[in-house]
Student: 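For reference, the structure I am asking about is given below.
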Amino acid sequence: MSKSRINNNIRKLRFQNSEMTQQQLAEKVGVTRQTIIAMEQEKYSPSLELAFRIALVFDVPLEQVFSYDAEADSK
Amino acid sequence: MSFQEKNISVSLVNFSLILAFYLIRVFQMTQGGSFTSTNIFRLWGIVIALAVVVTIVGTILTHIVSAIIQAIKTGEEDPKIEDFEDERDKLIDLRGTQATYTASSIGVLIAMLTFVFGQPPLVMFSLLIFFGLLAQVIGDISRLALYRRGF
């Protein structure tokens, strides 16, 4: 399956937040670890609600976690 | 492999076995000359009862076996199994259900067509349950494929 057009910095932010594990993040936002893995690999785009919850955990604005690859639209 | 994947794998194996059992029984009936409405409807009953029982027992066994494996891995007395469904699980389940319904609808259409083209109703009923089981297998395969790919 092709990668999502929504890119994210979840992995980077996890390491910046005292090397938070995927399991810890999953528990904080209420999803399974497999969903965090799928998001980090950019195979799954989360719902808006989950995206906000992730941004809240890292205490950063949403656009610092997620970005949209607009160039892919013109291809 | 997550708990959901294990559950789907068990369902896939169960429904594949039920499908194989159904095909073997129908083949035996046609070869032995006992392909009658009474036998086919009895087989319908057996297959539906099997599907219900096997699904319930399969889910319970998956829980128990997962807990035992988790306990062995972590050494915990009361292991925590990640058996809740999050948004991705629900989406994958929806996609699987869509595949099941699509396959089942095509199956019903084919079964009806055999009736339209002069086959006895017995053939139509046999095909209906065959495509019902096949649709379940296709749905489980598509769910597993989505889990393996990420989404």
Side-chain angles (χ1 to χ4, degrees), chain A residues 1-15 17 19-58 60-70 72-73 75, chain B residues 1-12 58-60 62-100 102-103 138-151:
Chain A
M1 188 172 270
S2 62
K3 280 196 171 186
S4 161
R5 286 179 189 181
I6 296 175
N7 306 316
N8 68 73
N9 299 315
I10 296 175
R11 184 182 285 268
K12 199 172 85 184
L13 286 163
R14 272 197 306 111
F15 283 99
N17 278 266
E19 297 194 2
M20 184 189 288
T21 63
Q22 289 171 332
Q23 185 64 43
Q24 285 168 333
L25 178 60
E27 281 168 13
K28 282 184 178 177
V29 297
V31 295
T32 59
R33 194 173 73 89
Q34 279 72 29
T35 299
I36 300 293
I37 294 168
M39 277 191 287
E40 285 190 357
Q41 291 173 346
E42 293 174 354
K43 287 177 177 174
Y44 173 66
S45 301
S47 67
L48 202 52
E49 192 185 330
L50 178 55
F52 272 109
R53 282 208 299 264
I54 293 168
L56 274 173
V57 166
F58 294 129
V60 291
L62 190 64
E63 55 269 31
Q64 267 191 42
V65 188
F66 297 97
S67 57
Y68 184 73
D69 184 11
D73 278 340
K75 282 176 191 171
Chain B
M1 192 183 258
S2 70
F3 175 77
Q4 309 294 345
E5 282 175 89
K6 282 179 201 153
N7 221 357
I8 296 164
S9 305
V10 170
S11 167
L12 178 61
T59 309
I60 294 168
T62 313
H63 254 100
I64 294 168
V65 173
S66 296
I68 292 169
I69 292 170
Q70 187 79 0
I72 293 167
K73 268 187 190 171
T74 59
E76 293 171 33
E77 273 186 29
D78 187 19
K80 201 175 76 181
I81 307 169
E82 233 178 22
D83 62 347
F84 73 95
E85 276 194 338
D86 65 12
E87 59 175 48
R88 180 170 150 268
D89 296 319
K90 284 174 187 160
L91 278 174
I92 288 175
D93 194 40
L94 272 177
R95 290 267 185 100
T97 307
Q98 191 182 28
T100 302
T102 307
I138 289 171
D140 283 342
I141 290 171
S142 66
R143 282 183 189 93
L144 269 185
L146 284 169
Y147 270 113
R148 294 282 93 194
R149 281 194 257 171
F151 181 64

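Each chain gets a letter, A, B and so on, in the order the sequences are listed, and its residues count up from 1.
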Student: Atom CD of residue position B:Gln98 - does it have more than 12 heavy atoms of other residues, nucleotides or ligands inside 6.0 Å?
Tutor: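 Incorrect, the count does not exceed 12.
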
Student: Quick one: what part of B:Phe84 sits under 4.5 Å from any heavy atom of chain A, side chain, backbone, both or neither?
Tutor: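 Both parts, backbone and side chain.
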
Student: Please state whether the side chain, the backbone, both or neither of A:Glu40 comes within less than 4.5 Å of a heavy atom of chain B.
Tutor: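 Looking at A:Glu40, nothing touches chain B.
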
Student: How far does CD1 of B:Ile92 sit from OG1 of A:Thr35, to the nearest 0.5 angstrom?
Tutor: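 Answer rounded to 0.5 Å: 7.5 Å.
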
Student: Calculate, to the nearest 0.5 Å, the distance between atoms NZ and CZ belonging to A:Lys43 and B:Arg148 respectively.
Tutor: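 So the gap between those two atoms works out to 10.0 Å.
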
Student: So which atom in A:Ala38 and which in B:Gly150 form the shortest heavy-atom distance, rounded to 0.1 Å?
Tutor: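 That would be CB-O, 3.8 Å.
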
Student: Going by atom types only, do A:Ser47 and B:Glu87 share a side-chain donor-acceptor pair under 3.5 Å?
Tutor: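 On atom types as modelled, these side chains qualify, holding a pair under 3.5 Å.
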
Student: Of the non-hydrogen atoms in A:Val31 and B:Asp86, which two are nearest, and what is the gap between them?
Tutor: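 Looking at all heavy atoms of both residues, the shortest contact is CB-OD2, 3.3 Å.
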
